[in-house]
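In this chain, residues are counted from 1 in sequence order. FYI, side chains are in, hydrogens and waters are out, and symmetry mates aren't considered; it's all heavy atoms of this structure.
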Amino acid sequence: MMEKERIIFHIDINHCFAQIEEMLDPSLKDIPMCVGGDEEKRSGIVLARNLKAKEYGITTAETLRDAYRKCPHLRVVPAKYSEYIYYTSRVKDIYREYTNQVESYGLDEAWIDVTDSYHLFGKPYDLAYEMQKRVLEEYGLTVSVGVAWNKVFAKLGSDMIKPSGMVIITKYNYQDIVWNQPVEDLLFVGGKTKPKLNDMGIFTIGDLAQSNKSKLQKRFGVKGIEMWNFANGYDNAAVDANGYVAPPKSIGNSTTPPSDINSLREAEVILQHLCESVASRLRDEQKKGHVVSIYPRDTNLKSFSRQRKLQEPTNISTEILKVAMELLEDNYDFSILPLRSIGVHVSKLVDDVNIPKQINLFDSIEQEKTRELTIDKTIDELRERFGFHVVKRASALLDKETENFDAKNSNSVFPGRKKDYDLDNDNIENDILYKKDKRSQKIMEEYLKNKGEY
């Protein structure tokens, strides 16, 4: 029996944050506008811009300073994340009326598998148009749609025509549509991978699809094979059903503090908060990690990463902090430039159950680990019951600006500040999308309660 061909949509709310602001205040449609942070408080980047701002060449993730140079009369609107969570959830509720397989990809995007349900509503094209039309009519938001037999090409299709576009990619036309696109447009080909592919003479997705698979594997390892498969449409990844949460591959946190980090001592105060939050999230997930990574970014916005593998996996904050500090001390010179932001991640995760332990000849080391873990768990319990401010480490009191920074429950930002996304780092995760974040879930629940053929 021949397997049924899959029908997968990828739907993206165009310039989502800015468009929601325009919906809430229609007068913003007539002026160049962007959603951004407060430049004086160091969170000054463009998170989203409307079509008028796009005409001036303003791009997402550039600094507000650069955006103002392009358009001195640019209107900057502060981000309203609770509103964005509410409306994007409502839009996805529309998708869920047609199938139970709706997988979020950030707040504004989703994959929708209608393979087993589209026939109830007509042809796939008709159903995609119906969803697009309903989002516009019910919420005043335009969306772009990609239709394909796999997730990668569906995502590519939704990116090709904005706003309100629709691109249908089939096994008969994909070489004409997909292979002419720049290689960096393929999902998971990041900014650091593009020049490496270009060095190999690979500039388009078609070049990648027709390149030597063995050479790609030799240069990029498993990722090389994955990119080759994606370019050729060999993607069988399933669209997750509603409510499914994939186990995390890594857990991390990063932040841009109110002022530059000028010394190793100042960095330690920030990293203490971040490592506590990472360790706590690891314990929430009942995980330990083998690899600790740091992601510093200097005041010229240049970033790098360093990592170290541990002999034994850990979810103890002091152990993570010790490695993070050693990595920073060995790899960064504060006398050259201060740091603007810093992050720490733990990866190569394993379940925190029945992990074989190397017998240590020194009982005092094991006793110290047990003591530190007990302290971490006690702090977790106290903060869960009475709030973050009920207990603080003495080191936090050394810096008044960071004393009240709850790294775990503030979506990786200082109060009132949006973090800078490390868009150039292929490995860093977007912590604001951390699926188990209790605060985001609470906001979401509160708003939801109230308010065959192509």
Side-chain angles (χ1 to χ4, degrees), residues 248-255 257 261-298 303-334 338-339 341-350 352 355-380 383 391-399 402-403 405-408 412 425 427-429 431:
K249 294 182 179 179
S250 70
I251 289 176
N253 209 338
S254 59
T255 192
I261 306 170
N262 294 290
S263 67
L264 198 64
R265 184 68 191 92
E266 290 180 11
E268 184 177 11
V269 176
I270 303 296
L271 284 170
Q272 175 75 68
H273 289 283
L274 297 178
C275 291
E276 280 188 358
S277 77
V278 170
S280 183
R281 285 174 172 174
L282 284 165
R283 292 190 295 275
D284 286 348
E285 295 283 349
Q286 297 185 313
K287 299 285 185 181
K288 290 184 176 182
H290 280 281
V291 176
V292 175
S293 308
I294 59 168
Y295 298 91
R297 170 179 286 187
D298 65 29
S303 59
F304 67 93
S305 64
R306 294 291 184 272
Q307 65 181 36
R308 181 176 298 169
K309 187 172 183 179
L310 310 178
Q311 287 187 342
E312 294 181 12
T314 187
N315 56 13
I316 299 174
S317 64
T318 51
E319 292 188 349
I320 298 169
L321 176 63
K322 181 176 182 292
V323 177
M325 288 298 296
E326 289 173 353
L327 287 169
L328 186 61
E329 185 174 12
D330 292 344
N331 293 282
Y332 196 75
D333 185 353
F334 283 92
L339 290 178
S341 64
I342 193 165
V344 59
H345 277 239
V346 176
S347 57
K348 300 291 182 186
L349 305 185
V350 294
D352 186 15
I355 297 176
K357 290 186 177 180
Q358 177 71 39
I359 297 175
N360 200 306
L361 296 177
F362 305 99
D363 289 340
S364 61
I365 295 177
E366 288 303 321
Q367 289 172 2
E368 179 67 16
K369 284 188 174 185
T370 301
R371 187 181 77 87
E372 291 295 338
L373 182 59
T374 301
I375 291 172
D376 274 358
K377 288 182 176 179
T378 302
I379 290 173
D380 281 350
R383 287 176 173 171
V391 58
K392 300 173 187 176
R393 293 185 185 266
S395 60
L397 305 178
L398 297 174
D399 186 343
T402 64
E403 177 184 344
F405 173 39
D406 179 4
K408 183 179 179 182
S412 308
N425 194 308
N427 297 315
I428 201 164
E429 291 183 353
D431 290 310

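A distance of 13.0 Å separates CD1 of I316 from CD of E276, quoted to the nearest 0.5 Å. If you take CZ on R297 and OG on S305, they are separated by 12.5 Å, rounding to the nearest 0.5 Å. Distance NZ/K309 to OG/S347: 10.0 Å, rounded to 0.5 Å. Atom-to-atom distance recorded for D298:CG and S341:OG is 9.0 Å, nearest 0.5 angstrom. E268 CD to I342 CD1: the interatomic distance, rounded to the nearest 0.5 Å, is 11.0 Å. In this structure, CD on E326 lies 9.5 Å from CG on L321, to the nearest 0.5 angstrom.
Nearest heavy atoms, L349 versus K249: CG-O, 3.7 Å. Across all non-hydrogen atoms, the minimal contact from L328 to P296 is CD1-CG, 4.0 Å. Listed here is the closest heavy atom pair of V291 and S293: CG1-OG, 4.0 Å. A pairwise comparison of heavy atoms in T314 and L282 identifies O-CD1, 3.9 Å as the closest pair. Taking every heavy atom of both residues into account, N253 and V278 meet most closely at N-CG2, 3.8 Å. Heavy atoms only, all atoms of each residue included: R308 and D330 are closest at NH2-OD2, 3.6 Å.
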>> As a quick check of understanding, evaluate salt bridge (charged side-chain N to carboxylate O under 4.0 Å, His left out) for E285 and R281, giving each step before the final call.
In response: CA-CA 6 Å; E285 295 283 349; R281 285 174 172 174; over 6 Å; no

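Using bins of under 30°, 30° to 60° and over 60° for the plane-to-plane angle, the ring pair Y332/F304 lands in the parallel bin.
Listed for the N315 side chain is a donor-acceptor partner under 3.5 Å among the backbone atoms of K287.
You'll find the side chain of M325 reaches within 4.5 Å of the side chain of L271, heavy atoms only.
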